Number of protein chains: 2
Amino acid sequence: MRAVQDSMDVLNGKWKIPIISSICYYNKRRFSDILHDVEGISNRMLSKELKELEINQLIVRTIQDTQPITVEYTLTDHGKTLQTIINNLTDWGIQHRKKIVGR
Amino acid sequence: MRAVQDSMDVLNGKWKIPIISSICYYNKRRFSDILHDVEGISNRMLSKELKELEINQLIVRTIQDTQPITVEYTLTDHGKTLQTIINNLTDWGIQHRKKIVGR
DNA sequence: CGGCATCCTTACAGATACTG
DNA sequence: CAGTATCTGTAAGGATGCCG
C-alpha cells in the first residue's frame, strides 16, 4: 500500500516516463537529444527531472571530457526494471483508450 | 508511447491509487469510509477524485435510499483490470525502497 | 451522510535570459 | 553544450462552513 505510492512518487509528473523511454530506446542519450525527443519539455524541467531520476538511481550521468563538454545519460540496472511497468501501463492505456474514447 | 501517458493521466496525483485500493479491498465502500481509509485526504479532494474516476469508468457510484442517504462506490470490470498494474507497482515499490532507503 | 462553495496558500511549471 | 537563475501565471490542494 505504501509501496505502490513509492512507485508513483518516483514516476510522477508528465515527463519521467517519456524521459526514461527516450534513454531506454537509444541506450544512452545526451541532454539536448532528450530535449528534442520529449516533446514540449523545457530545459529547466528536463534538468530537474533528470536530477530526480539520478537521485532515485534510475539513471546515471556521465560527463564526457570533450570540448565543449557533453553529458550522457544511461539507465541503471534498477532503472531497466521499470520496463515491465512501462509495458503494463502501455497495455492498459491502450485498453483504456478503446473503452473510453473509442465508443 | 502515448498509451503509457494515458494511463498516467488516469492515475495521476497522490490519491487515485489509494482510493482504488480502498474500494478494491472492501469490494464496496462509502464516502466517509474511504475518507478514513485514505490517510490525509480532504473531503474536497476525495469528492473531486471520485468524480474523475467515475468519468473514466473505473468506479460506479450508487445512491442507497436510506435516511440519511448513503452512497456506495464499487469498481467496474474495467477498474478491476488495474489490479495487475497496482500489483506491479507494489512489487517495484518494494524493490525500490530496498534499493534506495534500505542501504 | 455526502458532498459543494469559498477562501487561501503553496507547488508546479512555462518563458526567457544568462553562464561556464 | 549543458545547464542555472529569475520571474510569473496557473492549478493543486488544505481549511472551513454550509446544505439537502
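Reminder, nothing fancy here: chain letters follow the sequence lines and each chain counts from 1. Here the structure is a predicted model, which means the values were calculated and not measured.
By the 6.0 Å contact criterion, CD on B/E39 is open, its count of non-hydrogen atoms from other residues, nucleotides or ligands being 12 or less.
Atoms CG (B/L35) and C1' (C/dG3) sit 10 Å apart, rounded to a whole Å. Per the geometry, CD1 belonging to B/I59 stands 14 Å off C1' belonging to C/dG2, to the nearest Å. If you take CG of B/D65 and P of C/dC1, they are 17 Å apart, rounded to a whole angstrom. Taking atom CD of residue A/E52 and atom P of nucleotide C/dA11, one finds them 14 Å apart after rounding to whole Å. Rounded to whole Å, atom P of D/dA11 lies 16 Å from atom CD of B/E49. Distance, A/Q64 CD to D/dC1 P: 15 Å, rounded to whole Å. Protein atom CD of A/E39 is 16 Å distant from nucleotide atom C1' of C/dG14, rounded to whole Å. Between B/L50 atom CG and C/dC4 atom C1' there is a gap of 14 Å when expressed in whole angstrom units.
Between A/H78 and B/W92, some side-chain heavy-atom pair lies under the 4.5 Å cut-off. Contact of the A/Y26 side chain with the A/D37 side chain is registered, since non-hydrogen atoms from C-beta on lie closer than 4.5 Å. In this structure the side chain of A/R2 reaches within 4.5 angstrom of the side chain of B/R97, judged on heavy atoms.
In the set C/dG2, C/dG3, D/dA2, C/dG3 carries the atom at the smallest distance from any side-chain atom of B/S47.
Between A/S32 and the phosphate of D/dA2, there is a side-chain N or O to OP1/OP2 separation shorter than 4.0 Å. The phosphate of C/dC4 has OP1 or OP2 within less than 4.0 Å of a side-chain N or O from B/K51. Distances shown here put every side-chain N or O of A/Y73 at or beyond 4.0 Å from the OP1 or OP2 atom of D/dC1.
Of the residues in residues 3-19 of chain A, those placing a heavy atom less than 4.0 Å from an atom of DNA chain C are A/K14, A/W15, in numerical order.
Of all heavy-atom pairs spanning B/L11 and A/M8, the tightest one is O-CE, 3.5 Å.
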(message) Test side-chain contact (heavy atoms from CB on, under 4.5 Å) on B/S21 and B/I86; report intermediate values, then the result.
(response) CA-CA 8 Å; B/S21 298; B/I86 292 181; 4.3 Å; yes
(request) I would like to know whether B/S7 and A/H96 meet side-chain contact (heavy atoms from CB on, under 4.5 Å); could you show each step before the answer? (result) CA-CA 8 Å; B/S7 302; A/H96 180 66; 5.9 Å; no
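For the side-chain contact (heavy atoms from CB on, under 4.5 Å) with A/V71, the qualifying choice from A/R61, A/R29, A/Q64 is A/R61, the only one to do so.
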(request) Quick one, give me the B/S/- string for nucleotides 15-20 of chain D, reading 5' to 3', where B means a protein heavy atom under 4.0 Å from the base and S means that only happens at the primed atoms, P, OP1 or OP2. (result) BBB---
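Listed by chain and number, the residues in a salt bridge (Lys or Arg N to Asp or Glu O under 4.0 Å) with A/K16 are A/E49, A/E52 (sequence neighbours excluded).
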